[in-house]
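For reference, the structure is listed below as structure tokens.
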There are 2 protein chains.
Amino acid sequence: MEPRQGAQAIRRALAVLRILAAGREDGVPLAEVVRTTGLTRPTVHRIVHVLIEEGIVERHQRTGRYAIGNQVPELALARPRPSRLLIAANPSLQRASAAIGDTLFLTVRTGNDTLCVDRRIGVYPIQVLSIEVGARRPLGVSSAGVAILAAMPAQEARKIVAANEKRFEAYRTDVATVLGEVAAARRLGYGMREIGLIQGTKSISTWIKTPDGQPAAAMTVSAVRTRLGPRREQEVAEILLREARIIEQAIGG
Amino acid sequence: MEPRQGAQAIRRALAVLRILAAGREDGVPLAEVVRTTGLTRPTVHRIVHVLIEEGIVERHQRTGRYAIGNQVPELALARPRPSRLLIAANPSLQRASAAIGDTLFLTVRTGNDTLCVDRRIGVYPIQVLSIEVGARRPLGVSSAGVAILAAMPAQEARKIVAANEKRFEAYRTDVATVLGEVAAARRLGYGMREIGLIQGTKSISTWIKTPDGQPAAAMTVSAVRTRLGPRREQEVAEILLREARIIEQAIGG
DNA sequence: TGGTTCTGTCCATAATATGGACAAGAACGC
DNA sequence: GCGTTCTTGTCCATATTATGGACAGAACCA
């Protein structure tokens, strides 16, 4: 069902775009795109420069790095603004943020990536703000990614993790480690990372499923490690799990 | 300098995407994409369906129409939110909206299209709300498009109008009419349409240029025709022209 | 019924995208 | 200075890939 052919070039261009998106404003050097896509350099070079001519990609004057261009948000305006999920999750995020006090993230899956789509800053004076709205990471390197993988059939999760293999080393992890964390999350009922992407932080993530059982998103709390001892981890997880079920109801109806 | 080759398929896919973007939420039937792009149906069909598999395009269950998909706004998140222009134009839009009382639009050029990027509703009880943020039209069919064409070298404007020829009939206009309106706008110093896209409305647009003389955007007032007699047209045009110069300063520095 | 839209599929063919090979620039060490 | 290793950019013969004419089914209307 999947493999419709006759458009290799288009698929490749999109793969390049997704890598560039992960680089956000700063962009990505050509060599890195070549490495992570597995395409040859002439091919990536050609694709990227055609996309520049078309306004879909921009190149930073100083650094020479490539980034998502102006025309992408322009195309995006064709869609009505806030997504169903964002609307459904809003009250839960508000409640959970008030109850917990640490930074909350809402993260969706897009292809083989996680994408942060909302963030709420809590009242506690020390907040972990590492991840911004729009941040994109290979599924598996963040606790949100682990949670989302844990919520899908093991085989599918393994496939995605394998596809991301090349990109893991940049985050100092690997396929085996990620699969271990996913298994642990399945046992626990939520995703957890003792060592967050930032030194000294800890994250807890619950998954949110669509009515058909597919994971739609993850809700994450990140805090300095000392704020999330075993006791509080339990409390926070319970709040997240409760709100996740509420969001599932909201997107289900 | 322009014609880098070896990526016909990618360029075609983007042309298709831009047409789909013009259809907004409702989308566009395949046949219309075929007509306006000038590609063959098998080609468009193949492109569109690959884009669906990739999540870039969606198809409406009921109507079978094709529309911009979820993944486009997701890619757009890679760019920092509000554009330079939007920030620079904000105070001017606020002032002009308060002074005039009718609906104000900020429209940019993107390729051969105009794209509405901001709208301010005025205090007067009858407002022309035909155009929404995200609305996309071939350059030339709206007063904003005419203004933008008037602000560029005549030769370039003619090229764009010619490229849009196929799309004009859907708006009940043609190349000759558009070029006439552009010439009139050049003489006047601003774009004007006695017959707006909606019956009984009238629009006035000023252009905003970047420091290098390229038109960057247009600022438009739309109102029911009776609100914009010759005297008031003059007043409104003066306000728009003044604010346009202020925005040009803001994006120039 | 035939006529007119629309969408979808096949496959031989030509044109297109590919990638190996080469080159040149930049940054670093010594 | 000169080698080493990193990067980006370009060429072009080649085979893989995208193309579009032709065919077909579905929906709608008279």
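No hydrogens, no waters, no symmetry mates; every other heavy atom, side chains included, goes into these values. Values in this document were obtained by computation on a predicted structure and should not be read as measured data. Here is how names work: the chains are called A, B, and so on, in the same order as the sequence lines, proteins then strands, and each is numbered from 1.
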| query | How would you label the contact of Arg59(A) with the nucleic acid (heavy atoms, under 4.0 Å): base, sugar-phosphate, or nothing? | reply | sugar-phosphate

| task | Give the C-alpha distance, both sets of side-chain angles, the deciding distance and a yes or no for salt bridge (charged side-chain N to carboxylate O under 4.0 Å, His left out) between Arg65(A) and Glu32(A). | result | CA-CA 10 Å; Arg65(A) 285 161 163 246; Glu32(A) 193 178 321; 5.4 Å; no

| said: Is there a side-chain contact between His49(B) and Glu53(B) in this structure, where contact means two heavy atoms from C-beta onward sitting under 4.5 Å apart? | reply: no

| said: Of all nucleotides in DNA chain C that come within under 4.0 Å of a heavy atom of chain B, which is furthest toward the 5' end and which toward the 3' end? | reply: dC6(C) to dA17(C)

| How close or far is atom P of dA18(D) from atom CG of Leu39(B), stated in whole angstroms? | 15 Å

| How long is the gap from OG1 on Thr103(A) to CZ on Arg119(A), to the nearest 0.5 Å? | 7.0 Å

| request: Using whole Å, report how far CZ of Arg62(A) lies from C1' of dT8(D). | output: 19 Å

| field | 5′-ward residue of the pair Pro42(A)/Arg41(B) relative to DNA chain D | value | Pro42(A)

| query | If each of Leu30(B) and Arg12(B) is mapped to the nucleotide of DNA chain C with the nearest heavy atom, which maps nearer the 5' terminus, i.e. the 5' end? | reply | Leu30(B)

| task | Say whether Thr177(A) and Asp174(A), considering side chains only, have a donor N or O and an acceptor N or O under 3.5 Å apart. | result | yes

| task | Hey, which sits more toward the 5' end of DNA chain C by its nearest nucleotide, Glu32(B) or Ile10(B)? | result | Glu32(B)

| task | Report yes if some heavy atom in the side chain of Val50(A) is under 4.5 Å from a heavy atom in the side chain of Arg11(B); otherwise report no. | result | yes

| task | Measure from CD1 on Ile47(B) to P on dT17(D) and round the result to the nearest Å. | result | 17 Å

| task | Could you state the atom-to-atom distance from CZ of Arg65(A) to C1' of dT7(D) in whole Å? | result | 12 Å

| query | Can you find a side chain N or O atom of His45(A) that sits less than 4.0 Å from OP1 or OP2 on dG9(D)? | reply | yes

| Residue closer to the 5' end of DNA chain D, His49(A) versus Thr40(B) (nearest nucleotide) | His49(A)

| query | Taking the side chain of Arg35(A) as heavy atoms from C-beta outward, which of dT10(D), dT7(D), dG9(D) is closest to it? | reply | dT7(D)

| Please give, in whole Å, the distance from dA15(D) C1' to Gln8(A) CD? | 12 Å

